[in-house]
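Only this structure's heavy atoms are used, side chains among them; waters, hydrogens and symmetry mates stay out. Sequence positions, counted from 1, serve as the residue numbers for this chain.
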Amino acid sequence: MSPSRLVLIPSFDTGPRLRSTVEEALSFWAPVWVVVDGSTDGSARLLDPLRDPASPDYRPGLRVIELAANRGKGAAILEGAIRALQAGFTHVLTMDADGQHPADRVPAFMAASAESPRAMILGKPVFDASAPALRVRGRRISNWWVNLETFDAGIGDSLFGFRVYPIAPLVQIMMGTRFMRRFDFDAEAVVRLCWQGVPAVNVDAPVRYLTAAEGGVSHFNYYRDNALLTGMHLRLFFGYLVRRFVRAVLTPSRR
């Protein structure tokens with residue numbers, strides 16, 4: 001049981017897959033916290049046996065935080081991160097509840113975080129044949145914008161949510177903006193943490209897209225979420241221009 005690093009899983013209407021994801025995570029790390037983001041499908045109750053000491057399925061190290069209403073992925077992560085910081089934790093590894101992220105890579109990511117505690121450890125997805133081509137091509141656009149906005153900080157992937165964050169700077173930047181509460185969280189968190197001087201370390205991680213028969217659940221809406229990302233990048237690009245101007249003013253010209 002780690003006293004400083006935990007796995008944080010936000011979940012919204014993930015169905016039966018939620019329990020499988022949590023059990024997989026607990027097989028490789030503890031503690032694991034789940035933030036149930038206003039789910040109405042009863043999936044939170046599937047975790048009750050895992051946290052009941054009287055149950056034969058009891059798994060120590062699991063905590064479930066239930067939000068009364070759906071707030072969005074970023075808001076759910078912020079709620080968990082604030083509580084983790086208050087409990088004395090220093091880092092969180094975020095992973096999706098839908099089974100896309102590789103639980104067996106959690107120890108390696110936590111080890112990378114221990115080696116570079118100031119850094120964010122960013123998963124760089126290794127896609128297999130299950131990955132929708134449209135999603136793979138589309139994320140290249142976001143990656144290009146993020147590397148521009150971060151002055152080529154070398155971000156391997158801006159949207160892959162399998163990451164380790166240092167909690168204190170993450171909470172600080174999120175409390176300073178009303179954005180980063182929904183699908184825009186992953187990309188904007190990387191940019192704003194880079195602006196605060198938090199270095200990035202990229203680590204490869206396989207990603208899988210489960211079919212409905214395998215319990216896969218996706219709330220991605222192509223038009224809504226891409227519109228959200230477009231607005232986010234417009235805001236961040238303005239911030240990039242301001243920072244570029246400040247750099248130009250503060251950097252002595254070479255004669």
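Between Gly197 and Pro199, the closest heavy-atom pair is O-CD, 3.3 Å. Here the shortest heavy-atom pairing between Ala87 and Trp33 reads CB-CH2, 4.2 Å. Between Asp186 and Arg163, the shortest heavy-atom distance links the atoms O-NH1, 2.7 Å. Nearest heavy atom pair, residue Ala119 against residue Pro166, reads O-CD, 3.5 Å.
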Margin query: Quick one, Lys73 with Asp37, criterion salt bridge (Lys or Arg N to Asp or Glu O under 4.0 Å). Give me CA distance, side-chain angles, the key distance, then yes/no.
Written below: CA-CA 8 Å; Lys73 177 181 181 179; Asp37 186 24; over 6 Å; no

Next item on the list: Please step through side chain to side chain donor-acceptor pair (under 3.5 Å) for the pair Ser4 and His91, ending with a clear verdict.
Entry: CA-CA 6 Å; Ser4 59; His91 295 75; 5.8 Å; no

Next item on the list: Would you check, one step at a time, whether the test side chain to side chain contact (heavy atoms under 4.5 Å, CB included) holds for Val35 with Ile77?
Entry: CA-CA 7 Å; Val35 181; Ile77 289 176; over 6 Å; no

Next item on the list: Report the C-alpha distance between Val207 and Val126 in whole Å, list the side-chain angles of each, state the deciding distance to 0.1 Å, and finish with yes or no for side chain to side chain contact (heavy atoms under 4.5 Å, CB included).
Entry: CA-CA 6 Å; Val207 58; Val126 178; over 6 Å; no

Note to self: side chain to side chain contact (heavy atoms under 4.5 Å, CB included) for Val246 and Arg244? Distances and angles first, verdict last.
What the structure shows: CA-CA 5 Å; Val246 171; Arg244 184 169 182 175; over 6 Å; no

Next item on the list: Carefully, step by step, assess Ile173 and Gln196 under the rule side chain to side chain contact (heavy atoms under 4.5 Å, CB included).
Entry: CA-CA 9 Å; Ile173 65 170; Gln196 293 299 316; 3.7 Å; yes

Note to self: As a quick check of understanding, evaluate side chain to side chain donor-acceptor pair (under 3.5 Å) for Thr14 and Asp98, giving each step before the final call.
What the structure shows: CA-CA 6 Å; Thr14 317; Asp98 59 8; over 6 Å; no

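Under the 3.5 Å distance criterion, the side-chain polar atoms of Ser113 are left unmatched by any main-chain donor or acceptor of Phe109. The main-chain N or O of Ala97 is never found under 3.5 Å from a side-chain atom of Ser11 such that the two would form a donor-acceptor pair. Counting only distance, with no hydrogens or angles, the side chain of Asn202 and the backbone of Gly156 share a donor-acceptor pair below 3.5 Å. When atom types are taken as modelled, the side chain of Asn147 and the backbone of Asp152 share no donor-acceptor pair closer than 3.5 angstrom. A donor-acceptor pair is defined here as one N or O able to donate and one able to accept, closer than 3.5 Å; such a pair exists between the side chain of Ser2 and the backbone of Arg5. Distance alone, capped at 3.5 Å, places no donor-acceptor pair between the Arg51 side chain and the Gly61 backbone. Proximity of a side-chain donor or acceptor of Asn143 to a complementary backbone N or O of Asp157 within less than 3.5 Å is not detected.
For the atom pair Met175 CE and Leu170 CG, the distance stands at 11.5 Å (nearest 0.5 Å). Of the inter-residue distances, the one linking Leu148 atom CG with Leu241 atom CG reads 8.0 Å to the nearest 0.5 angstrom. Note that CZ of Arg83 is 5.5 Å distant from CZ of Arg63, once rounded to the nearest 0.5 Å. Rounding to the nearest 0.5 Å places CG of Asp52 at 12.5 Å from CG of Leu47. Expressed to the nearest 0.5 Å, how far CH2 of Trp144 lies from NE2 of His233 amounts to 10.0 Å. A distance of 7.0 Å separates OG of Ser158 from CZ of Arg139, quoted to the nearest 0.5 Å.
In this structure, the side chains of Cys194 and Ile155 come closer than 4.5 Å at one or more pairs of heavy atoms. Counting only heavy atoms from C-beta outward, the side chains of Val36 and Leu67 never approach each other to under 4.5 Å. Two residues are said to be in side-chain contact when any heavy atoms from C-beta on lie closer than 4.5 Å; Ile121 and Tyr165 fail this criterion. Side-chain atoms of Val32 and Leu6, non-hydrogen and from C-beta on, never get closer than 4.5 Å to each other. Two residues are said to be in side-chain contact when any heavy atoms from C-beta on lie closer than 4.5 Å; Met120 and Val190 meet this criterion. Looking at heavy atoms from C-beta onward, Pro31 lies in side-chain contact with Phe89 at the 4.5 angstrom threshold. Contact of the Tyr58 side chain with the Leu50 side chain is not registered, since no non-hydrogen atoms from C-beta on lie closer than 4.5 Å. The closest side-chain heavy-atom distance from Val34 to Leu18 is below 4.5 Å.
Criterion: ILVMFWY side-chain heavy atoms under 4.5 Å apart, direct or through other members. Under it, Val92 and Met1 are not part of a common hydrophobic cluster. Neither Val64 nor Leu46 shares a network with the other; the hydrophobic side chains, linked directly or stepwise wherever heavy atoms of I, L, V, M, F, W or Y lie under 4.5 Å apart, form separate groups for each. Residue Ile9 is not grouped with residue Phe28 when hydrophobic side chains (ILVMFWY) are merged at heavy-atom distances under 4.5 angstrom, including chains of intermediate members.
Heavy-atom neighbours of Phe238 CZ from other residues, nucleotides or ligands within 6.0 Å: at or below the threshold of 12. The number of heavy atoms from other shown groups lying within 6.0 Å of CD1 (Ile141) does not exceed 12.
The ring-ring contact (aromatic ring centres under 6.0 Å, His included) test applied to His101 returns Phe160, Phe162, not counting sequence neighbours.
Glu79 has no carboxylate O lying under 4.0 Å from a charged side-chain N of Arg181, or vice versa, which leaves the two without a salt bridge. A salt bridge does not link Arg243 with Glu149: none of the charged nitrogens is closer than 4.0 Å to a carboxylate oxygen. Salt bridge status for Arg208 with Asp128: absent, with no side-chain N to carboxylate O gap under 4.0 Å.
If you look at Phe185 and Phe179, their ring centroids are not closer than 6.0 Å.
Paired with Glu24 under the rule salt bridge (Lys or Arg N to Asp or Glu O under 4.0 Å), one option of Arg17, Arg19, Arg105, Arg59 passes, and it is Arg17.
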